[in-house]
Amino acid sequence: MKDTPELRSIAIYSREELCGGYFVLWIWDDELSKQCSPGQFFEIRAQASFHDAWDSQRIPKLFKPISVYDNSGGRIGFFIKNVGAGTSALARLKAGDMLELIGPLGNSFPVVSGKRVLLLSGGIGYPPLSYLQKEIINHNLIFWLHGGATQADVFPCDEVWTVDGSIGKQGMVTQGLEDVIINKKIEVLYSCGPLPMLKQASEIAFRHGVEHYTSMEAYMACGIGVCHGCAVPIGSHDDWDYLRVCKEGPVFNANDVLWSEL
Amino acid sequence: MKDTPELRSIAIYSREELCGGYFVLWIWDDELSKQCSPGQFFEIRAQASFHDAWDSQRIPKLFKPISVYDNSGGRIGFFIKNVGAGTSALARLKAGDMLELIGPLGNSFPVVSGKRVLLLSGGIGYPPLSYLQKEIINHNLIFWLHGGATQADVFPCDEVWTVDGSIGKQGMVTQGLEDVIINKKIEVLYSCGPLPMLKQASEIAFRHGVEHYTSMEAYMACGIGVCHGCAVPIGSHDDWDYLRVCKEGPVFNANDVLWSEL
Amino acid sequence: MSIMTTKLGKLTLDSPITVASGTFDIENFHFINQKCLGAFVCKTITRYPKKGNPTPRLYESEAGLINSIGLQNPGLDLFVHENLPMLRDKLEVPLIVSFSGSSIAEFEEIMATLETQSGIAGYELNVSCPNVDNEGIAFGVDPEVIHQLCSRLCSITRREVIVKLTPNVTDITAIALAAEAGGADSIALINTVFGMAIDWKTGRSRIKKGIGGYSGIGIKPIALALTYKAANAVKIPITAMGGIYTWEDALEFFWAGASMVALGTANFIDPLSAAKLQEGLSAFLIEHRYSMRDIIGKCIL
Amino acid sequence: MSIMTTKLGKLTLDSPITVASGTFDIENFHFINQKCLGAFVCKTITRYPKKGNPTPRLYESEAGLINSIGLQNPGLDLFVHENLPMLRDKLEVPLIVSFSGSSIAEFEEIMATLETQSGIAGYELNVSCPNVDNEGIAFGVDPEVIHQLCSRLCSITRREVIVKLTPNVTDITAIALAAEAGGADSIALINTVFGMAIDWKTGRSRIKKGIGGYSGIGIKPIALALTYKAANAVKIPITAMGGIYTWEDALEFFWAGASMVALGTANFIDPLSAAKLQEGLSAFLIEHRYSMRDIIGKCIL
Ligand SMILES: Cc1cc2nc3c(=O)[nH]c(=O)nc-3n(C[C@H](O)[C@H](O)[C@H](O)COP(=O)(O)OP(=O)(O)OC[C@H]3O[C@@H](n4cnc5c(N)ncnc54)[C@H](O)[C@@H]3O)c2cc1C
Ligand SMILES: Cc1cc2nc3c(=O)[nH]c(=O)nc-3n(C[C@H](O)[C@H](O)[C@H](O)COP(=O)(O)OP(=O)(O)OC[C@H]3O[C@@H](n4cnc5c(N)ncnc54)[C@H](O)[C@@H]3O)c2cc1C
Ligand SMILES: Cc1cc2nc3c(=O)[nH]c(=O)nc-3n(C[C@H](O)[C@H](O)[C@H](O)COP(=O)(O)O)c2cc1C
Ligand SMILES: Cc1cc2nc3c(=O)[nH]c(=O)nc-3n(C[C@H](O)[C@H](O)[C@H](O)COP(=O)(O)O)c2cc1C
Ligand code: FES
Ligand code: FES
């Protein structure tokens with residue numbers, strides 16, 4: 001992790017298309033690649049100069065936080081779902097088009113070894129855990145639970161849940177969590193996904209004394225710790241503060257998160 | 001002229017490129033073509049759906065008034081200069097792209113016959129006079145004076161002036177006006193161009209008792225007579241009103257324009 | 001009763017969509033079927049004809065439109081003799097007449113004349129035009145004057161009385177409450193926000209008068225906040241406007257507490273916007289089996 | 001003296017560009033050279049630490065940003081012991097400390113403490129934050145309170161005193177005049193405009209507190225109109241902000257009467273915007289052989 005993230009323009013090296021509005025953008029930059037660790041993210045955007053933008057009647061918009069999904073051989077992959085204006089601008093990019101990046105940003109997942117590890121992801125929480133898995137797989141026993149709304153929202157893992165039952169087990173992925181923790185004798189849980197999922201997972205993990213690191217989502221303006229827009233409540237009930245997902249996060253010990261304030 | 005202009009989407013049939021940021025867009029539509037007369041204009045725009053626009057972070061903008069430059073064989077030509085956001089969006093269009101149009105709009109030049117006619121255009125005032133010229137050339141004696149800032153701003157005509165002297169005579173085109181009126185025994189003047197040019201021309205023409213029809217420019221919002229944004233002061237000193245360039249205009253008898261209020 | 005029916009004070013309207021005064025006229029019905037509107041609001045008229053402001057009067061900024069029309073209109077008499085008969089003839093939806101005055105007495109005089117005329121469903125009192133110096137807006141910023149104006153006018157008509165408010169005030173709730181207490185049947189907001197643009201090359205104001213009225217998508221967050229505030233302050237219904245272009249925009253305002261929405265600048269940018277709004281909104285209501293009542297004011301924090 | 005030199009009350013600054021409180025911090029100097037700024041304005045501090053508002057706190061609308069940070073800050077003591085020494089150490093440009101209070105006495109208390117500290121060039125009194133209920137903004141709407149606040153504070157310091165005004169008032173000139181009469185050295189405007197956004201699908205407010213503060217390109221016409229109004233009312237200089245992204249935007253504000261401009265939301269959208277503004281502006285001045293004095297307030301109608 002570097003203390004002074006830079007702003008760069010890097011050409012897209014390749015692009016993959018998945019169903020369900022998901023796509024992967026790859027860049028190749030050895031220097032940046034060396035700086036990343038699992039859990040970190042970049043603020044990225046389809047290139048937007050103020051002046052071109054006015055000419056084409058576009059209003060330049062905020063960068064969007066996107067996790068590192070893969071980092072190998074100098075190539076960094078971003079696994080993205082098209083959900084709104086910012087991600088749809090990214091979705092329009094082709095190989096060779098320019099990406100603007102700030103990062104890597106934020107802290108990263110604590111790395112364990114010799115443990116029984118559970119990865120729990122929901123929807124677009126998948127990418128950071130994928131990067132983490134590759135980094136820790138040689139030193140741990142890993143089981144991966146993933147849930148999504150429907151078939152298009154699930155990706156390679158050990159056990160799949162879908163809300164509509166179109167593939168895997170039917171229901172919320174957290175319904176399967178307790179069984180897996182018990183049966184697989186899980187010691188450490190890493191989670192990333194929608195807030196309600198994280199909230200429930202943290203209750204269950206807490207009940208079973210499982211160490212639990214969670215990567216939080218938040219709307220961001222600056223991404224570098226300046227604006228305090230991305231705050232989440234961290235601490236104990238009588239002594240807590242709003243910490244910044246982009247700076248003190250995105251990874252927090254789930255026991256430190258004041259879920260009741262969210 | 002039709003009383004009920006419609007909104008249409010028509011594909012661009014061909015596109016010509018000139019130097020100096022000028023370009024010509026052609027559409028082919030027999031029905032529309034029959035409705036146009038010289039002096040009329042369309043409100044046009046590069047196709048912009050609200051929803052696509054939000055996705056691509058564009059803010060949909062106003063239509064832009066553009067004169068009919070040529071109308072023959074069912075093809076309508078728009079001769080356009082790229083000067084800002086609206087025209088640069090048009091400049092980006094290629095053959096086959098969709099144009100949104102409202103029109104034809106406004107009144108048209110009174111057509112004379114058996115007269116000694118002078119056409120006076122400045123810069124992007126050229127297009128409507130070009131259409132007019134083709135319509136009246138068989139029944140009148142026509143002389144055409146055109147002025148522009150520099151070489152790129154002049155187009156085929158009888159006498160050319162440029163502000164920087166890069167081609168033709170050096171100076172403002174109105175400097176040559178009086179001589180031409182006298183030498184060519186001009187009876188009718190048609191003018192279109194920047195306000196200071198029209199103002200000066202109307203003084204000179206008035207002094208020589210020349211019938212003078214001028215096509216006025218104005219910033220427009222609706223283009224159909226609703227908003228009163230495109231007003232120009234028309235009447236006599238003690239009895240005048242703001243009339244609408246898009247509805248009562250764009251062509252006015254220059255003697256009716258209250259140049260002092262502009 | 002259709003799924004789109006909305007109640008606006010004394011009126012029950014077939015559609016919760018209308019148009020903002022000054023941005024829509026008979027000419028617009030070349031593009032759309034007038035039945036997509038629940039009512040039609042005409043351009044503001046005044047007691048005597050108004051020439052309007054010097055030109056240029058318009059400028060399109062990055063995210064909206066700045067205008068300085070200055071209430072150009074033919075005046076009450078010509079309106080009554082020419083425009084009104086034409087409107088009566090052509091309109092198939094209720095007519096709301098917008099008018100403004102430079103004193104309470106002038107407002108009264110105009111309404112008294114309009115009361116003698118048929119074919120009018122209601123009045124919109126424009127106390128909020130930013131583009132004329134002595135008309136309207138001086139009223140719109142003072143709760144006491146608003147209260148007095150409404151009391152006087154509401155006592156001389158049985159028709160719907162709508163008061164159209166300006167956003168250019170410290171406390172919209174005080175003004176809205178004054179209108180309600182004065183007897184207004186409903187409130188319309190917002191008129192345009194003071195705005196300006198300058199040619200950076202030359203330093204020349206884009207609008208001859210300097211400051212104009214800013215409308216369009218750029219003011220949507222402002223209009224929404226004011227709608228929410230006003231809706232939480234008064235019980236009378238609200239017609240909201242300010243940057244509404246699409247049916248999604250309209251839904252934001254219904255959730256915030258509007259009973260009706262009006263399209264202004266959107267009419268210039270897409271002449272079909274009212275028809276598209278009508279279509280999109282009714283499809284949304286049908287899909288979710290909502291009636292207007294399930295949405296209006298039901299915003300969750 | 002460089003072509004970009006500007007005078008702001010007691011200060012003479014090397015560049016007429018600064019940053020808007022709460023949108024820029026030491027971290028931003030990773031991207032640009034701090035010398036492109038004439039001064040640095042820090043995030044508003046308060047007497048005691050503030051947790052800030054519940055989340056979500058941000059939403060990007062079609063043409064700007066809505067925020068509801070709620071002045072989250074470490075409080076005066078921590079600021080003096082940790083942030084200030086760090087700023088003194090790292091800053092190569094004058095530091096303006098922004099602060100806010102819930103009473104005149106609290107404002108005084110904060111300033112008294114800051115007066116004991118070196119390395120501060122001036123103060124920005126934030127009487128305009130829309131995101132806290134009792135702080136600041138209640139002051140910013142009342143000319144008398146502003147007058148009293150300025151009189152009291154200006155008498156206890158020799159440093160530059162800037163008063164930062166809210167746009168959410170009926171008459172900005174009354175407030176600006178009160179600040180001037182109270183002895184303020186200069187005025188900064190505008191803070192954010194009340195704004196709101198709602199998820200049209202669910203009716204849920206995008207911001208937990210409902211109404212937030214709207215900034216960015218969409219408020220530029222509003223900020224420009226208020227700058228023009230204030231500049232024509234007072235003699236003290238003005239730092240303008242509100243939707244300034246480019247050097248062309250900045251020029252509009254100089255023509256309208258600003259002596260200095262500040263970048264806020266632009267810093268998020270392009271971390272290089274201050275550097276680009278500096279470059280573009282100085283190229284423009286050189287090309288036209290203008291000094292700042294030839295432009296400031298020279299707008300033509
Ligand atoms: C640290 C961090 C890492 C992230 N990593 C990734 C990643 O690797 N890949 C990725 O695709 N996204 C990731 N996200 C989420 C991503 O930043 C958002 O989806 C994106 O900012 C949405 O921006 P937009 O302009 O496209 O949509 P907006 O216009 O901001 O939102 C569009 C709509 O989608 C909703 N929405 C917002 N986020 C989501 C979501 N995640 N899923 C479904 N609906 C949503 C909004 O409420 C809104 O209604 C990450 C977020 C954070 C904070
Ligand atoms: C009835 C009528 C007919 C017209 N016919 C034509 C035509 O046939 N071809 C054509 O190219 N234009 C024509 N125009 C002018 C055209 O409408 C404008 O150039 C256009 O609206 C500019 O829009 P924009 O968004 O590109 O630029 P804006 O952003 O609106 O303006 C960009 C900059 O250019 C300046 N500007 C505006 N108009 C002109 C101009 N004409 N020349 C130089 N600078 C200008 C503005 O002040 C501004 O500084 C016509 C106008 C009217 C009223
Ligand atoms: C060109 C123009 C003319 C207007 N004329 C009037 C008017 O005569 N009376 C009035 O009450 N409002 C008038 N308005 C304000 C609109 O009715 C509306 O309140 C405002 O534009 C905000 O809505 P919008 O953002 O949808 O345009 C006018 C607005 C524009 C743009
Ligand atoms: C995230 C955010 C935080 C802000 N915090 C403060 C603050 O602490 N104090 C203050 O005076 N203004 C604050 N502001 C207001 C800005 O300083 C500025 O006045 C406003 O954003 C308008 O400028 P802009 O459009 O360039 O952003 C904040 C604005 C934003 C967007
Ligand atoms: S996004 Fe600005 S502090 Fe995190
Ligand atoms: S542009 Fe609206 S009346 Fe002419």
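Chain letters run A, B, ... following the sequence lines, proteins first, then strands; residues in each count from 1. Everything quoted here is computed from the prediction, not taken from an experiment. Computed over heavy atoms, backbone and side chain alike; hydrogens, waters and symmetry mates excluded.
- Heavy-atom pairs under 4.5 Å with chain D peak, among Glu43(A), Arg45(A), Glu261(A), at Arg45(A).
- Interface residue Tyr245(D): backbone and side-chain heavy atoms are both found under 4.5 Å from chain A.
- Contacts of Pro56(D) with chain A are absent, with no heavy-atom separation under 4.5 Å from either backbone or side chain.
- Residue Thr23(D) touches chain A through its backbone alone, counting heavy-atom pairs closer than 4.5 Å.
- Taking the six-membered ring for Trp and thresholds of 30 and 60 degrees, Phe109(A) and Tyr190(A) have ring planes more than 60 degrees apart, a perpendicular arrangement.
- When each of Glu27(D), Lys276(D), Glu60(D) is scored by its heavy-atom pairs under 4.5 Å with chain A, the top score falls to Glu60(D).
- The aromatic rings of Tyr22(A) and Phe79(A) are tilted relative to each other, their planes meeting at an angle between 30° and 60°.
- Between Phe24(D) and Phe29(D), the angle of the ring planes goes over 60°, which puts this pair in the perpendicular group of the 30/60° scheme.
- Classified by interplanar angle (parallel below 30°, tilted 30° to 60°, perpendicular above 60°), the ring pair Phe42(A)/Phe78(A) is perpendicular.
- Heavy atoms closer than 4.5 Å to chain A are found in the side chain of Glu248(D), but not in its backbone.
- Checked against side-chain contact (heavy atoms from CB on, under 4.5 Å), Met172(A) has the following partners two or more places apart in sequence or in another chain: Val163(A), Thr174(A), Gln175(A).
- If you measure heavy-atom distances from Ala218(A) to chain D, you find no contacts under 4.5 Å at all.
- Only the side chain of Ile59(A) has a heavy atom closer than 4.5 Å to any heavy atom of chain D.
- At most 12 heavy atoms of other shown residues, nucleotides or ligands fall within 6.0 angstrom of atom NE2 in His81(D).
- Ser61(D) touches chain A through its backbone: at least one of N, CA, C or O sits under 4.5 Å from a heavy atom, while the side chain does not.
- Side-chain contact check for Asn255(A) versus Tyr213(A): every heavy-atom pair is 4.5 Å or farther apart.
- Chain A forms more heavy-atom pairs under 4.5 Å with one residue of Asp25(D), Ile269(D), Thr265(D), Thr246(D) than with any other, namely Ile269(D).
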